[in-house]
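One structure below.
A quick note: this is a predicted structure, and the numbers were derived from the prediction, not measured. Atom set for the values below is all heavy atoms of this structure, side chains included, hydrogens, waters and symmetry mates excluded.
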Amino acid sequence: MKKFLSIAILFLTFGVVAAKADNDRLITKEKLPAAAQNFVSAHFANLKISYVKEERDLLSRNYEVVFTDGSKLEFLKNGEWKEVDCRYSEVPSLVVPDAIKKYVAENYPGEKILQIDRDRHDYEVRLSNRLELTFDRNFNIIDIDD
């Protein structure tokens, strides 16, 4: 009986912690990490912010900034950008690594980069013609998806 009670308490505790871990809340721009604040000010100063959200999971924290024109930014807990989605306009040129800009200009002249997403393994780019390009961390093209 003691063993059963101990296991039940353990599962109950884990359930409460897991439920509490998924905690999204609205915050102000000033509550973003400094690097994220600087990124928004440097590249999106002309856009009006709709809302800023802090997303907490059990082991991580991320931030999301959504603008009134539908553009969206995602940041890691340290303030580094994870995703820039400009929907209807071009991703600011300074955000896109030079090797990716060069590849797009040479292979898809006239197309604009509308979205860029990066993680530990790769960069994913969506172009204005709706092609999605995936580059490894050395900026070699590894996938093209339409």
Side-chain angles (χ1 to χ4, degrees), residues 7-146:
I7 291 173
I9 290 172
L10 178 67
F11 279 118
L12 181 62
T13 303
F14 181 72
V16 169
V17 168
K20 183 71 174 155
D22 186 23
N23 187 12
D24 294 356
R25 65 186 181 115
L26 295 177
I27 61 171
T28 63
K29 177 186 168 191
E30 293 72 32
K31 300 242 175 158
L32 287 171
Q37 288 182 44
N38 293 338
F39 186 89
V40 171
S41 296
H43 303 291
F44 296 91
N46 60 331
L47 295 182
K48 184 176 181 192
I49 294 175
S50 177
Y51 65 88
V52 180
K53 182 170 62 170
E54 177 184 50
E55 301 172 342
R56 290 188 198 182
D57 291 330
L58 190 57
L59 300 174
S60 68
R61 178 180 303 188
N62 295 313
Y63 300 92
E64 181 177 280
V65 178
V66 178
F67 299 94
T68 56
D69 74 343
S71 296
K72 180 178 81 169
L73 308 174
E74 290 184 27
F75 297 97
L76 301 173
K77 66 181 175 184
N78 64 0
E80 288 184 20
W81 69 269
K82 180 189 177 323
E83 180 180 343
V84 177
D85 183 357
C86 291
R87 288 245 165 118
Y88 307 111
S89 61
E90 194 169 5
V91 171
S93 181
L94 293 175
V95 174
V96 181
D98 290 337
I100 293 176
K101 284 190 284 195
K102 181 179 177 192
Y103 180 88
V104 170
E106 289 174 357
N107 294 282
Y108 303 97
E111 297 300 328
K112 296 178 180 169
I113 297 173
L114 302 180
Q115 178 181 6
I116 186 165
D117 185 349
R118 70 178 177 185
D119 61 26
R120 280 188 266 167
H121 306 290
D122 58 31
Y123 286 83
E124 293 179 10
V125 173
R126 185 171 45 87
L127 302 178
S128 51
N129 65 0
R130 300 300 178 215
L131 275 181
E132 294 181 7
L133 311 175
T134 304
F135 298 85
D136 64 17
R137 292 302 269 183
N138 295 319
F139 307 110
N140 299 306
I141 188 80
I142 57 175
D143 189 31
I144 300 174
D145 194 12
D146 56 357

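Under the 4.0 Å criterion applied to side-chain N and carboxylate O atoms, D117 and K82 are assigned as salt-bridge partners.
No side-chain heavy atom of Q115 sits under 4.5 Å from any side-chain heavy atom of E132. The shortest side-chain heavy-atom distance between V104 and V96 does not fall under the 4.5 Å cut-off. A heavy-atom distance below 4.5 Å is found between the side chains of H43 and L94. Put simply, the side chain of L114 reaches to within 4.5 Å of the side chain of R130, judged on heavy atoms. Under the 4.5 Å side-chain criterion, counting only non-hydrogen atoms from C-beta, F44 is not in contact with I49. Between R126 and D85 there is a side-chain heavy-atom pair separated by less than 4.5 Å. Counting heavy atoms from C-beta on, the side chains of L59 and D57 never come closer than 4.5 Å. L73 is not listed as a side-chain neighbour of Y63, based on a closest heavy-atom distance of 4.5 Å or more.
Note on ring orientation: taking the six-membered ring where Trp is involved, the planes of Y103 and F135 are perpendicular (angle over 60°, cut-offs 30° and 60°). Classification of the F39-F75 ring pair by plane angle, with boundaries at 30° and 60°, yields perpendicular.
With rounding to the nearest 0.5 Å, the separation of CG in N78 from CG in N62 is 9.5 Å. Rounded to the nearest 0.5 angstrom, E90 CD and K112 NZ are separated by 6.0 Å. Rounded to the nearest 0.5 angstrom, R56 CZ and R25 CZ are separated by 4.5 Å.
Nearest heavy atoms, Q37 versus K29: CG-O, 3.3 Å. Nearest heavy-atom pair, N107 versus P109, reported as atom, atom and distance to 0.1 Å: C-CD, 3.5 Å.
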Side chain to side chain contact (heavy atoms under 4.5 Å, CB included) between I113 and L127, worked out
CA-CA 5 Å; I113 297 173; L127 302 178; 3.8 Å; yes
After noting the C-alpha distance and the side-chain angles of W81 and I116, does the key distance pass the side chain to side chain contact (heavy atoms under 4.5 Å, CB included) rule?
CA-CA 10 Å; W81 69 269; I116 186 165; 3.8 Å; yes
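Atom NZ of K53 is surrounded by more than 12 heavy atoms from other residues, nucleotides or ligands within 6.0 Å. Heavy atoms of other residues, nucleotides or ligands lying less than 6.0 angstrom from NZ of K77 number 12 at most.
In this structure, a donor-acceptor pair under 3.5 Å is absent between the side chains of E124 and T134.
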